[in-house]
Enquirer: 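Below you'll find the structure I mean.
Numbered from 1 within each chain, the chains take letters A, B, ... in sequence-line order.
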Amino acid sequence: MAGKRKDKDNSSSDDSSSEDDIKKKKLKTNTPLIKVSVTSNDNKNKQLTDILTELSVFEKNKGQVHRFTAYRKAVLSIKAYPHEIKSGLEAQKLDGVGAKIAKKIDEILKTGDLKKLKSQNQDETLTAINQLSRVTGIGPQKAKSLVEEGIKTIDDLKKIKNTLTHHQQIGLKYFSEFEQRVPRKEIEVFEKLVSNSLFSIDPNIISQVCGSYRRGLESSGDIDILISHPNFTLEMKDKKKTFNIIEKLVESLKKKHILIDDLSLGPLKYMGVCKLVSTEISEQHIARRIDFKLIPYESYYFGLLHNTGSDEFNRQMRGIALKQGFTLSEYSINKLSKGVKNETPILVNSEKEIFDIIGMEYYPPNKRNL
DNA sequence: GTCCT
DNA sequence: GCGTATGCGC
DNA sequence: AGGACCGCGCATACGC
């Protein structure tokens, strides 16, 4: 019930002791890639992380994205911390936990609750905004203006459906379905259907389901598929209109009744809605969110790496790249000479080569669940 | 809100 | 009508 | 004290 998407799992990290020098040696989320594979030790501080997560949602819907990510970072750190937190001071040693959150933690530990959260929960405007923002296509701005017009619930939205954008209408139509996670088994079926369509369009097309599915998790928030072709290169990108793989794919899948609605459709990115056709009366499927991205061939493995995540893994890997004198992005890796990035692109033919370049041990996707 | 400079 | 800004999602 | 915190594709709103 947190945000609209994203899946997260836990990991663990080191710990140090001394209570005083909080300032200097935080538990750097830089080091943990050394021992990363622990995938789910149970969170001993669920009460804390639940409350902080609620606060993060309020911040996001107030339009404070950076505060949102700050809270989220703190939550990740705490989830990775293998002990029961007994004081704010103890928590403040974790990366992303500063004085303000430490203070909140003390209050939670002492009273079992947080006044700030309580008052926000009693604020009708804020809770209404949170509610409306659960519809995809409705963000903080739209939610705010709706509430100002007196639209406060999902039911209210249905009454004024015609004034919503197409994206928002689809979000409303599948409101509850989009909050359900997609079982791995189901994604496997979509994967086959999509590959078949792609192969019949052009056998040289390559594709891969990314996200938490690729990391091996048993369920995902949505389905995220990367597509490329040896002839679709960076210099071709300008002529992208003529390279209409996505258009053809969407057309093909609609013919098979796999795609049932669109959110957006361009030459490089598609966002839409898919559903398995139920052949047996026994099994009824529900609508799922699916995205396709067409990536230039030279960028394919960078795109794969980036879109496989997790977000936290990416953050840490980019950090390591930086230490080795490279900037790593979704599209490329570049050597930086005296702080400036050298524009000559480095070509790779696998994800592993990217790890090699920055002198990092290879992490297969299922070890990237940070 | 937290970290870095 | 057309170029640009903004909201949104990821 | 003050800025960075990813930035880009698509749909729509806005301004001329």
Side-chain angles (χ1 to χ4, degrees), chain A residues 3-7 22-30 52-53 55-56 58-78 88 91-105 116 132-146 163-171 178 210-212 220-226 237 240-241 246-247 250 262-272 289-296 299 302-303 305-312 314-315 317-319 321-322 327-332:
Chain A
K4 266 174 263 199
R5 53 193 49 279
K6 268 339 171 205
D7 359 71
I22 296 161
K23 279 275 137 63
K24 255 309 163 228
K25 46 166 52 176
K26 288 259 185 179
L27 297 190
K28 267 316 193 179
T29 340
N30 277 342
L52 293 175
T53 299
L55 288 175
S56 79
F58 274 111
E59 291 303 334
K60 181 174 63 172
N61 292 329
K62 282 191 277 184
Q64 304 281 345
V65 271
H66 296 303
R67 289 188 178 205
F68 161 73
T69 56
Y71 274 117
R72 214 164 128 269
K73 182 180 178 190
V75 167
L76 279 174
S77 275
I78 294 172
Q92 202 172 341
K93 286 187 290 189
L94 302 176
D95 194 24
V97 181
K100 307 279 275 287
I101 290 183
K103 195 168 182 178
K104 290 179 171 68
I105 286 178
K116 183 145 282 179
L132 298 179
S133 300
R134 287 163 64 188
V135 175
T136 178
I138 298 183
Q141 298 303 320
K142 181 66 181 176
K144 184 164 178 278
S145 64
L146 284 168
T163 71
L164 299 175
T165 68
H166 176 70
H167 183 137
Q168 291 158 350
Q169 292 188 34
I170 301 302
F178 287 171
C210 297
S212 54
S220 302
D222 62 9
I223 306 166
D224 189 11
I225 302 184
L226 247 52
K237 238 184 125 180
K240 57 197 166 192
K241 290 151 295 182
I246 289 195
E247 190 189 336
V250 168
D262 306 325
L263 295 175
S264 67
L265 168 59
L268 299 177
K269 189 178 71 165
Y270 173 81
M271 298 172 67
R289 278 278 296 106
I290 189 165
D291 296 340
F292 303 126
K293 276 196 222 175
L294 179 61
I295 311 274
S299 296
F302 298 102
L305 181 63
H306 175 86
N307 286 88
T308 298
S310 64
D311 291 344
E312 180 58 19
N314 290 344
R315 242 192 84 237
M317 187 162 172
R318 284 199 307 268
L322 226 39
T327 49
L328 175 60
S329 79
E330 160 167 27
Y331 309 104
S332 62

Enquirer: How would you label the contact of A/Asp291 with the nucleic acid (heavy atoms, under 4.0 Å): base, sugar-phosphate, or nothing?
Expert: sugar-phosphate
Enquirer: Please check this pair: side chain of A/Ser77 against backbone of A/Ala74, looking for a donor-acceptor N/O pair closer than 3.5 Å.
Expert: no
Enquirer: Among the nucleotides B/dC3, B/dG1, C/dG9, which one has an atom lying closest to any side-chain atom of A/Lys104?
Expert: B/dG1
Enquirer: Look at the side chain of A/Ala70 and decide which nucleotide, out of C/dG7, B/dG1, C/dC10, has an atom nearest to it.
Expert: B/dG1
Enquirer: Starting at CD of A/Gln92 and ending at P of B/dT2, how long is that distance when rounded to a whole Å?
Expert: 8 Å
Enquirer: Quick one: does A/Gln92's side chain get under 4.5 Å of A/Ile105's, heavy atoms only?
Expert: no
Enquirer: Just wondering, do A/Met317 and A/Leu305 contact through their side chains at under 4.5 Å, heavy atoms?
Expert: yes
Enquirer: When you get a sec, tell me which of B/dG1, C/dC8, D/dC10 is the closest nucleotide to the side chain of A/Ile101?
Expert: B/dG1
Enquirer: Quick one: are A/Arg72 and A/Asp311 in side-chain contact, heavy atoms under 4.5 Å?
Expert: yes
Enquirer: May I ask you to test the A/Val135-A/Leu164 pair for a side-chain heavy-atom distance under 4.5 Å?
Expert: no
Enquirer: Could you tell me the separation between the CG atom of A/Asp222 and the P atom of C/dG9, rounded to a whole number of Å?
Expert: 13 Å
Enquirer: Just compare B/dG1, C/dC10, B/dC3 and give me whichever is closest to any side-chain atom of A/Arg67.
Expert: B/dG1
Enquirer: Using the C1' atoms only, state how far C/dC8 lies from D/dC6, rounded to an integer number of Å.
Expert: 15 Å
Enquirer: In whole angstrom, what separates A/Lys144's NZ from C/dC8's C1'?
Expert: 17 Å
Enquirer: Considering only side-chain heavy atoms of A/Lys142, which listed nucleotide, C/dC8, C/dC10, D/dT12, is closest?
Expert: C/dC8
Enquirer: Let's see if you can work this out: which of D/dC6, C/dC8, B/dC3 has an atom nearest to the side-chain heavy atoms of A/Arg318?
Expert: D/dC6
Enquirer: At less than 4.0 Å, is any side-chain N or O atom of A/Arg289 found next to OP1 or OP2 of C/dC10? Yes or no.
Expert: yes
Enquirer: Atom CD of A/Gln64 to atom P of D/dA4: distance rounded to whole Å?
Expert: 16 Å
Enquirer: Write down the distance between CG (A/Leu322) and C1' (D/dC6), rounded to a whole number of angstrom.
Expert: 13 Å
Enquirer: Measure the distance from CG on A/Leu94 to P on B/dT2 and round it to the nearest whole Å.
Expert: 12 Å
Enquirer: Looking at every strand, decide which applies to A/Thr165 at a 4.0 Å heavy-atom threshold: base, sugar-phosphate, or nothing.
Expert: sugar-phosphate
Enquirer: What is the distance, to the nearest angstrom, from the CG atom on A/Leu164 to the P atom on C/dC8?
Expert: 12 Å
Enquirer: If you look at every strand shown and take non-hydrogen atoms under 4.0 Å, does A/Lys100 touch a base, only sugar-phosphate, or nothing?
Expert: sugar-phosphate
Enquirer: Whole angstroms only, please: what is the NZ-P distance between A/Lys73 and D/dA4?
Expert: 16 Å
Enquirer: Would you check if A/Phe178 and A/Asp222 make a side-chain contact, meaning some heavy-atom pair closer than 4.5 Å?
Expert: no
Enquirer: Nearest to the A/Ser264 side chain among C/dG7, D/dA11, C/dG9, which nucleotide is it?
Expert: D/dA11
Enquirer: Go through D/dT12, C/dG7, D/dC8 for me and flag the one nearest to the A/Tyr331 side chain.
Expert: D/dC8
